[in-house]
Amino acid sequence: MNLMTAEQVAEYLGVKIERVKRLAREHLLIAKSQDDNGDPMFDKSDVERYKELAQRLGGI
């Protein structure tokens, strides 16, 4: 499993970090663990699948 920080996910998706945290809170993007600061960590394959789905539905 390749984990990404919220900052890395935001950069990959082209959105602000606040949006990534909101997606995690709303369980649209599931965090696999937390870092030392309590910030969510995401599985890269989950993020890629989310991006593909969001693009098919009209954008992120």
Side-chain angles (χ1 to χ4, degrees):
M1 179 176 6
N2 190 7
L3 294 177
M4 299 173 73
T5 65
E7 291 86 6
Q8 292 170 324
V9 173
E11 183 178 325
Y12 179 75
L13 296 177
V15 298
K16 294 182 179 181
I17 190 168
E18 292 82 15
R19 178 154 179 139
V20 173
K21 290 180 180 181
R22 191 182 97 229
L23 291 170
R25 263 194 326 270
E26 294 174 353
H27 303 287
L28 296 172
L29 200 56
I30 306 299
K32 295 295 181 183
S33 65
Q34 292 183 345
D35 66 8
D36 295 336
N37 297 327
D39 292 326
M41 300 286 291
F42 302 93
D43 185 357
K44 185 174 183 176
S45 63
D46 290 345
V47 174
E48 291 168 345
R49 283 194 306 268
Y50 173 79
K51 183 175 183 176
E52 181 182 322
L53 176 64
Q55 289 173 334
R56 279 195 258 157
L57 293 174
I60 296 177

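Note on Val15: it does not cluster hydrophobically with Ile17, by side-chain heavy-atom contacts below 4.5 Å among ILVMFWY residues.
Between the side chain of Asp35 and the backbone N or O of Asn37 there is at least one donor-acceptor pair closer than 3.5 Å. A donor-acceptor contact shorter than 3.5 Å links the side chain of Lys51 to the backbone of Tyr12.
Here the straight-line distance linking atom CG of Asp43 with atom CG of Leu29 works out to 10.0 Å at 0.5 Å rounding. For the atom pair CG of Leu28 and CG of Leu53, the computed distance is 10.0 Å after rounding to the nearest 0.5 Å. Atom CD of Gln55 and atom CG of Leu57 lie 10.5 Å apart (nearest 0.5 Å). Here Met41 contributes atom CE and Gln8 contributes atom CD; the two are 7.0 Å apart, rounded to the nearest 0.5 Å. Taking CG from Asn2 and NZ from Lys32, the interatomic distance works out to 13.0 Å, rounded to the nearest 0.5 Å.
By the 6.0 Å contact criterion, CD on Glu11 is open, its count of non-hydrogen atoms from other residues, nucleotides or ligands being 12 or less.
The minimum heavy-atom distance between Leu3 and Ser33, with the atom names listed, is CD1-OG, 3.7 Å.
The residues Glu18 and Arg22 are annotated as not salt-bridged, no charged nitrogen and carboxylate oxygen being separated by less than 4.0 angstrom.
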*Given the rule in the side chain to side chain contact (heavy atoms under 4.5 Å, CB included) test, do Tyr50 and Leu13 qualify, once you have shown the distances and angles that lead to the verdict?*
CA-CA 9 Å; Tyr50 173 79; Leu13 296 177; 4.2 Å; yes
